[in-house]
Amino acid sequence: MGKMDDTMNLDALKDLLNGVPDTDEFDLDSIIAEVEGRAPAAEPKQAPQPASEPPRPAPRRVEPQKQEAAAMPRAKEAQRARTVPQEETAPRRTAPKKRPVAQQEELPDLSAFTDEEDPRAARIAAREAKAAARREKAAAKAAVKAARRAAETEYDEQDDEAAAYEKTPSRSPRRAEKMTRKEAKAARIAAEQAEEEEDIELRDPAQAARSFKRRAQGLSARSTLVLLLTAAAAYISLAPGMEKLPLPTVLDISVNPLIGVGVLLLLQFIALFIGVDVFGMGFYSLFHGAPDRATLVSFAVLAALLHGASIIVFDNQAGVEIPYLAVSMLMLYAAMREERNRYAARARAYQAICSAEQPMAIYSHYDKEDDACRAAKGPLHAEDAFLTEMERPDSADRFAMIYVPIALAASIIFALLASVGRGEPVRFFWAFSAILSVSAPLGLLCAFGASYNNVSRRLLRSGAAIAGARQADLLRGTEEIVLTENDLFPAGSIALESLQNMGRISDDRILACAAALTDAAGLELGRVLTEATRERYGATLSARNVQMVEGGLAGEVGTSRVVLGTAALMVNMGMRIRAGQSGVHAYLVVNGELAGVLTLRYQPTKSTYQAMRLMRRMHMNAVLAVQDFNISPAMVESEFDLRRGFADQPAPDAAQRLTEPSYTEGGAPAAILTRDGAGPLVQVLRCADKLAGAVRSNLTLGAFAGICGMLIVFYLVSQNAVDALPVRNLLLYLLLWYAPVFLITQQTH
């Protein structure tokens, strides 16, 4: 039996016998005791025991070998229970077994196995359950992160498809805002241009140049007559208040008011007849829904006439004795001079159009790929494109469409408050005339014409023209200028200084190969090298399969593979060159061997040098859209003595895109050029900057003077301050505010 005890598994036997019905004939505990070698005890008589404390059998010591044999199947059972679902491992409930008390006392206590082994198995199971829970939690977090990453990727793809050139706000909100603002401005300008084109009628350039020139000459002569009449009216108006100014008694308004006012009215009618076109145009533009600055002049003249007539009709009325007819005549003269300067400038612009068969256009182009507003040259994609820009409403006209209705409404309201609101309706004519006399200062009336005339006169000498102040403002808003090699180094500014032969081929062959590559690429350097080859009586060659590489050109000349480039390209190719050489050098490689070194001289012209220095003062940068591999930002900054970072050079593909005619297609030309080079181009941009700045400053000063004047005059009229509002004070007010405008206009010469 001892040997059998070592190998027999009592728990397995117990599990096997658990399925036997629980009856009195069969006792599992007795069988186990018999197997262990213990005789079953006889049933003693049942002794009475307290109900509160049932009898407990004494624990029996188990041998270590049997304990280990019993622990092994229990551990396996616990592991199997963790892998089996809970419903399958749950114990089945059976009816409690009824055994004799004596038998329970003598049978061994099998709970010792459970008491010693179950806590350990429970701890193992708990640890494994916690580990499984941690793994599930980590897997859930990974799944959430993957889903979030997939959603962000999908959002970025959708956003890129919706706006290809706009970045997501989470990455760069400032950049996205800047791009959105520029794109919105470009879209707004395009929408306004499309809306205005419906009402534009084009003119024949040659006929328009002649007619505008004649009209400018006529306005110049007529405005001179109006100025003389204005001086006479001012003398009659100011002489009664100044003892030193002699004046016949008949014309003295203080002595003979009827005759004096009548003479002033006569002078006003004569001046009105001379400038009837300007006077009528003011009402015409108002009735057509586009009031301009001449509208205020027309109303001021009408108010002065009514005021003069009211002085004659109504005796002893409150207000000044002398009407503001001299002031209204001065405003009419300013409006006529503005029209004269405007027609003269437009005549020069049409003359510039007729002077060239195929003029180049200057565009204010917004590049979506680089997010930059650039001034670029390009062909006129439509013959009538610049003529259409000439007929668009100007910046001063667009400003007047906002200011004039407000000024008219304010003048009428203030006049009613100062007259009818005070219970003196007759005072309305004086109040209305006084307020309107200062509502349109001379600086506002002459804000554009004189500056445009000065700029057009200067541009015509350079063979260029600007469409107007609005287009000048667009050019002023550009940040960069696209320059080509012909702009920087025009014909005659590149020369061959020397040739160093490495002994592979002859000098003529070196020049011919270099000339063939550069001439096939369309460079100005090709023309220079071709002329040098012919001067040496060498034969010209042709190149095939010419390609632009970074820092040079590559192609085939005859049966040879030829590469022409800079020192950086030679280093990349593994060629050994001499270091420390000064100047601009081009290295020629034939069939993988260095054949010669060309020393070139790029000499800036005077006009180009001045143009680049002018760009520096204007705080504008240059974008070098060049194909010549010798021209680089460092070379340009060194040759023209410019600050570092002034020039930028894009990749060869991007540079070619900037020089294509389709780059500016769809844009509106702001100016035209009849001459090539950086000098005329920068001159146009400089004049556009001056014109736009002068118009903006003049309109700002004029509007400020007009608003302040209306408020001051309204207060004085309300207080019936007759001594503070004579003709002399209003004339001084207009002339003083015109002084800064005159100085600003002189800067455009």
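What you see below is based on every heavy atom in this structure, not just the backbone, and it leaves out hydrogens, waters and symmetry mates. Quick caveat, the model's predicted, so the values are computed rather than measured.
With hydrogens and angles disregarded, a donor-acceptor distance shorter than 3.5 Å links the side chain of T518 to the backbone of A514. Proximity of a side-chain donor or acceptor of S220 to a complementary backbone N or O of A216 within less than 3.5 Å is not detected. Judged purely by atom type and a 3.5 angstrom limit, Y738 has no side-chain atom pairing as donor or acceptor with the backbone of C446. A donor-acceptor pair under 3.5 Å is formed between the side chain of T674 and the backbone N or O of G463. Checking side-chain atoms of S697 against main-chain N and O of G693 turns up a donor-acceptor pair under 3.5 Å. A donor-acceptor distance shorter than 3.5 angstrom exists from the side chain of R293 to the backbone of L445, with no hydrogens or angles considered. A donor-acceptor pair is defined here as one N or O able to donate and one able to accept, closer than 3.5 Å; such a pair exists between the side chain of E338 and the backbone of F448. Listed for the E479 side chain is no donor-acceptor partner under 3.5 Å among the backbone atoms of N621. For the pair E637 (side chain) and G645 (backbone), a donor-acceptor distance under 3.5 Å is present. In this structure, D487 contributes its side chain and T484 its backbone to a donor-acceptor pair below 3.5 Å.
The shortest heavy-atom contact between V557 and A543 is CG2-CB, 4.0 Å. Nearest heavy-atom pair across S632 and Q649 is CA-OE1, 3.6 Å. Between L658 and A625, the shortest heavy-atom contact is CB-CB, 3.9 Å. What you find for P661 and P379 is that their closest heavy atoms are CB-CG, 3.9 Å. When all heavy atoms of T533 and A512 are compared, the pair lying nearest together is OG1-N, 3.9 Å.
For R374, the salt bridge (charged side-chain N to carboxylate O under 4.0 Å, His left out) partners at least two apart in sequence or on another chain are D367, D370, E480. Evaluation of the side chain to side chain donor-acceptor pair (under 3.5 Å) rule for R348 yields N453 as partners, not counting sequence neighbours. The side chain to side chain donor-acceptor pair (under 3.5 Å) search around N486 returns none, not counting sequence neighbours. Shown here are the salt bridge (charged side-chain N to carboxylate O under 4.0 Å, His left out) partners of R509, two or more places apart in sequence or in another chain: there are none. With sequence neighbours excluded, no residue forms a salt bridge (charged side-chain N to carboxylate O under 4.0 Å, His left out) with D394. For R696, the side chain to side chain donor-acceptor pair (under 3.5 Å) test picks out D473, with sequence neighbours left out. Partners of D507 under the side chain to side chain donor-acceptor pair (under 3.5 Å) rule, at least two apart in sequence or in another chain, are N501. In this structure M575 satisfies the side chain to side chain contact (heavy atoms under 4.5 Å, CB included) test together with M570, M573, V589, sequence neighbours excluded.
Using a 4.5 Å heavy-atom threshold, the side chains of V741 and L442 count as separate. Contact of the L681 side chain with the K377 side chain is registered, since non-hydrogen atoms from C-beta on lie closer than 4.5 Å. In this structure, V563 and L569 have side chains that are in contact, with non-hydrogen atoms separated by less than 4.5 Å. I466 is listed as a side-chain neighbour of V455, based on a closest heavy-atom distance under 4.5 Å. Inter-residue side-chain proximity for N630 and L600 is flagged as met; some heavy-atom pair is nearer than 4.5 Å. Side-chain contact between R457 and R461: present, with at least one pair of heavy atoms (C-beta onward) separated by less than 4.5 Å. Looking at L387 and P205, their side chains come closer than 4.5 Å, going by heavy atoms from C-beta outward. Looking only at side-chain heavy atoms (C-beta outward), L553 and V562 stay at 4.5 Å or farther from each other.
The CZ atom of R215 lies 5.0 Å from the CG atom of L219; values are rounded to the nearest 0.5 Å. With rounding to the nearest 0.5 Å, the separation of CD1 in I494 from CD1 in I631 is 6.0 Å. With rounding to the nearest 0.5 angstrom, the CD atom of Q351 is 10.0 Å from the OG atom of S456. To the nearest 0.5 Å, the span separating OH on Y333 from CZ on R222 amounts to 13.5 Å. With rounding to the nearest 0.5 angstrom, the OG atom of S451 is 11.0 Å from the NZ atom of K690. Interatomic distance, R470 CZ to R392 CZ, rounded to the nearest 0.5 Å: 6.0 Å.
Using a 4.0 Å cut-off between charged nitrogen and carboxylate oxygen, D508 and R536 do not count as a salt-bridge pair. In summary, D641 and R613 do not engage in a salt bridge, as defined by a charged side-chain N under 4.0 Å from a carboxylate O.
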Original post:
Should R342 and D397 be marked as a salt bridge (Lys or Arg N to Asp or Glu O under 4.0 Å) after you check the CA-CA gap, both sets of side-chain angles, and the distance that decides it?
Top reply: CA-CA 12 Å; R342 190 170 183 175; D397 298 334; 2.6 Å; yes
Subject >> Test log, rule side chain to side chain contact (heavy atoms under 4.5 Å, CB included), inputs T608 and V682 >> reply: CA-CA 9 Å; T608 307; V682 178; over 6 Å; no
Subject >> Derivation and outcome, side chain to side chain contact (heavy atoms under 4.5 Å, CB included), residues L499 and V597 >> reply: CA-CA 6 Å; L499 171 63; V597 181; over 6 Å; no
**OP:** Begin with the C-alpha distance, continue with both residues' side-chain angles, and end with the deciding distance and a verdict on side chain to side chain contact (heavy atoms under 4.5 Å, CB included) for L564 and Y587.
**Re:** CA-CA 6 Å; L564 181 67; Y587 298 86; 5.9 Å; no
Original post:
Going through the checks in order, is the side chain to side chain contact (heavy atoms under 4.5 Å, CB included) test met by L598 and L511?
Top reply: CA-CA 9 Å; L598 305 176; L511 285 177; 4.1 Å; yes
**OP:** Starting from the C-alpha separation in whole Å, work towards a yes-or-no answer on salt bridge (Lys or Arg N to Asp or Glu O under 4.0 Å) for E391 and R346.
**Re:** CA-CA 10 Å; E391 301 297 331; R346 296 187 67 185; 3.0 Å; yes
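Within 6.0 Å of atom CZ in R643, more than 12 heavy atoms from other residues, nucleotides or ligands are found, so the atom counts as buried in its surroundings.
Identified under the ring pair (Phe, Tyr, Trp, His ring centres under 6.0 Å) test for residues 462-482, with sequence neighbours left out: none. Screening residues 519-532 for side chain to side chain donor-acceptor pair (under 3.5 Å) gives E524-R527, R527-E531 as the qualifying pairs, with residues at least two apart or on separate chains. Sorted by first then second residue, the ring pair (Phe, Tyr, Trp, His ring centres under 6.0 Å) pairs that include residues 670-699, not counting sequence neighbours, number zero. Residues in residues 626-673 take part in these ring pair (Phe, Tyr, Trp, His ring centres under 6.0 Å) pairs, two or more places apart or across chains: H365-Y663, F489-F640.
Side chains of Y350 and D204: no donor on one and acceptor on the other come within 3.5 Å. Between the side chains of N341 and Y452, not a single donor N or O lies within less than 3.5 Å of an accepting N or O.
In this pair, F399 and Y403 present their aromatic rings parallel. The plane angle is below 30°, not in the 30 to 60° band.
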